[in-house]
**Student:** 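Mind looking over this structure? Questions follow.
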Amino acid sequence: MDIDIIELSKGSAKFVLSGTNPAFANGIRRAMIADVPTLAIEYVNLYDNTSVLYDEQLGLRLALVPLTTDGDYVPQSDCDCGAVDGVGCPNCEVSLRLDVEGPKMVYSGDFISADPKVRPADEKIPIVELKEGQRVMLEAIAHVGYGRDHVRWQAGVACGYKHLPTVEVEPCPECGNVLVECPEHAVFMARSIENLTEKDELKCIKCGNVRHIFDLTDPSLKVTYDQHTFVFSLESDGSYSASELILKAADVIKGRAQEFSDILKDL
Amino acid sequence: MELTILSQSKDEMEILVKGETHTLMNIIKATLLDDPRIETAFYDVKRLSNSVEREPVLYIKTMPGEKPIEILKDVADKIMAMCDEFSTAFTKAVQQK
């Protein structure tokens, strides 16, 4: 297994994974979307809401604010405190306070968190606009959850992969010219083999449009996909950095396989 | 996760993997099929009678003389090794970047 990183920033990553099977690549993708636990607001105690949004709508908007997640928190179902009706302990929940008065645009950065490590991943997410005399006062409780249960816990957004395309262009044996045009102008566009300067296979979006323009039996163009090499691209919602998210996805699969193995031994 | 053996004979086994999803099942199936001791393996996420939930059922048939459960244990170890390899490769790639 080999990994070649193309781009890596805090919020997004692009890398080429080679020498593995599609099932493992898909497992990593699925784990990033659905199985990496994150913190998100799940309960809201509203003390005052005179904004134009009604309580439920405000609650939904709060829940969708991504929170930076520290590894110390555990899901309530795994917590020793035996949380009842969503009331847990400091190991499984974080409280965030919001107390704002208009006129003001309320942003996610206005939250005051009980734990300085847990705060909105982005300070500038608009929540509600308050006019003169309007007020929002609430306490929001964040829990650890999984993306498979609700989108607010989804750590990986826009996660996907494609097989690495291989594009081969051969000039016509009769006249020595090629007539190949990539509809996206991303991979290559040339009328003669000398002009074929750009051939960046990573940019191929597998649109298949070439197939409509040219007969695929035409030997001058051959597009194949490597079944064991994957070009991954992913974005994190901010709960984790992109590289943390990737490593956590691998850990999730490892943990599941470990559990499977342990149960098999007792069977 | 909860494992229940639904049926078992010398070289065949049908096992219910309660609480699992395609994420792990597909990797298990693919790794099983890579094993030369396996004749066939597949899984199906299906609704069993007297249940509302859909749970995956894994079916394995081995070559004569092999034990399905031993192969499954090896497969679990292989998957763990794959995850470790992935993490190591990724950490190395980040450091080189």
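Numbers restart at 1 for each chain; the letters A, B, ... are given by sequence-line order, proteins then strands.
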**Student:** Hey, is CZ on Arg37(B) packed in by over 12 heavy atoms from elsewhere, all under 6.0 Å?
**Tutor:**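 Atom CZ in Arg37(B) is packed in, count exceeds 12.
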**Student:** Starting from the C-alpha separation in whole Å, work towards a yes-or-no answer on side-chain contact (heavy atoms from CB on, under 4.5 Å) for Ile28(B) and Phe260(A).
**Tutor:** CA-CA 10 Å; Ile28(B) 291 178; Phe260(A) 185 73; 3.8 Å; yes
**Student:** Report the distance from atom CG of Leu247(A) to atom OG1 of Thr91(B), rounding to the nearest 0.5 Å.
**Tutor:**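 Rounded to the nearest 0.5 Å, the CG-OG1 separation comes to 5.0 Å.
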**Student:** Once you round to the nearest 0.5 Å, how far does CG of Leu264(A) lie from CG of Leu3(B)?
**Tutor:**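 Output value for this atom pair is 5.5 Å.
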**Student:** Against chain B, label Ile6(A) side chain, backbone, both or neither, depending on which of its atoms sit under 4.5 Å from a heavy atom there.
**Tutor:**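 It is the backbone, since no side chain atom gets that close.
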**Student:** Between Asp77(B) and Ser261(A), is a side-chain contact (heavy atoms from CB on, under 4.5 Å) present by the stated rule, with each step listed?
**Tutor:** CA-CA 7 Å; Asp77(B) 290 340; Ser261(A) 164; 4.2 Å; yes
**Student:** Any chance you could lay out the side-chain contact (heavy atoms from CB on, under 4.5 Å) test for Asp34(B) and Asn21(A), step after step, and finish with the verdict?
**Tutor:** CA-CA 10 Å; Asp34(B) 277 347; Asn21(A) 56 18; 4.1 Å; yes
**Student:** Just to verify, what does Asp35(A) make a salt bridge (charged side-chain N to carboxylate O under 4.0 Å, His left out) with, not counting sequence neighbours?
**Tutor:**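 Listed in chain order: Arg148(A), Arg256(A).
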**Student:** How far apart are the closest heavy atoms of Ala93(B) and Ile3(A), and which atoms are they?
**Tutor:**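 Closest approach of Ala93(B) to Ile3(A): CB-O, 3.6 Å.
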**Student:** For chain A, which of Val94(B), Leu72(B), Thr23(B) has the most heavy-atom pairs under 4.5 Å?
**Tutor:**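 Winner by heavy-atom pair count: Thr23(B).
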**Student:** Out of Leu267(A), Asp251(A), Asn26(A), Leu8(A), which one racks up the most heavy-atom pairs below 4.5 Å with chain B?
**Tutor:**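 Between Leu267(A), Asp251(A), Asn26(A), Leu8(A), the count favours Leu267(A).
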**Student:** Output yes when a side-chain donor or acceptor of Gln258(A) lies under 3.5 Å from a complementary backbone atom of Met80(B), and no otherwise.
**Tutor:**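 No: the side chain of Gln258(A) does not pair with the backbone of Met80(B).
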**Student:** With respect to chain A, which residue among Asp84(B), Ile15(B), Val75(B) yields the maximal number of heavy-atom pairs within a distance under 4.5 Å?
**Tutor:**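 Of the candidates given, the most pairs with chain A belong to Asp84(B).
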**Student:** How long is the straight-line distance from CE of Met82(B) back to CE of Met1(A), given to the nearest 0.5 Å?
**Tutor:**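 Met1(A) CE to Met82(B) CE: 5.0 Å, rounded to 0.5 Å.
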**Student:** Rounded at 0.5 Å granularity, tell me how far CZ in Phe90(B) sits from CD1 in Ile28(A).
**Tutor:**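 Going from CZ on Phe90(B) over to CD1 on Ile28(A), the span is 10.0 Å.
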**Student:** Can you measure from CD1 (Ile253(A)) to CD1 (Ile27(B)) and round to the nearest 0.5 angstrom?
**Tutor:**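 Nearest 0.5 Å value for the CD1-CD1 distance: 4.0 Å.
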**Student:** Pick one of side chain, backbone, both or neither for Val17(B), based on which atoms fall under 4.5 Å of a heavy atom in chain A.
**Tutor:**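 Looking at Val17(B), just its side chain touches chain A.
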**Student:** Calculate, to the nearest 0.5 Å, the distance between atoms NZ and CD1 belonging to Lys254(A) and Ile79(B) respectively.
**Tutor:**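 Reported value, rounded in 0.5 Å steps: 13.0 Å.
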**Student:** Applying ring pair (Phe, Tyr, Trp, His ring centres under 6.0 Å), can you list everything that pairs with Phe86(B), at least two apart in sequence or on another chain?
**Tutor:**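 Counting only residues at least two positions away or on another chain, Phe86(B) forms a ring pair (Phe, Tyr, Trp, His ring centres under 6.0 Å) with Phe24(A).
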**Student:** Considering all heavy atoms of both residues, which atom of Ala250(A) and which atom of Ser87(B) are nearest to each other, and what is their separation?
**Tutor:**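 Of all heavy-atom pairs spanning Ala250(A) and Ser87(B), the closest is CB-OG, 3.6 Å.
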**Student:** For chain B, which candidate among Ala31(A), Gly27(A), Ala257(A), Ala13(A) shows the most heavy-atom pairs at distances under 4.5 Å?
**Tutor:**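 Result: the option with the highest number of such pairs is Ala257(A).
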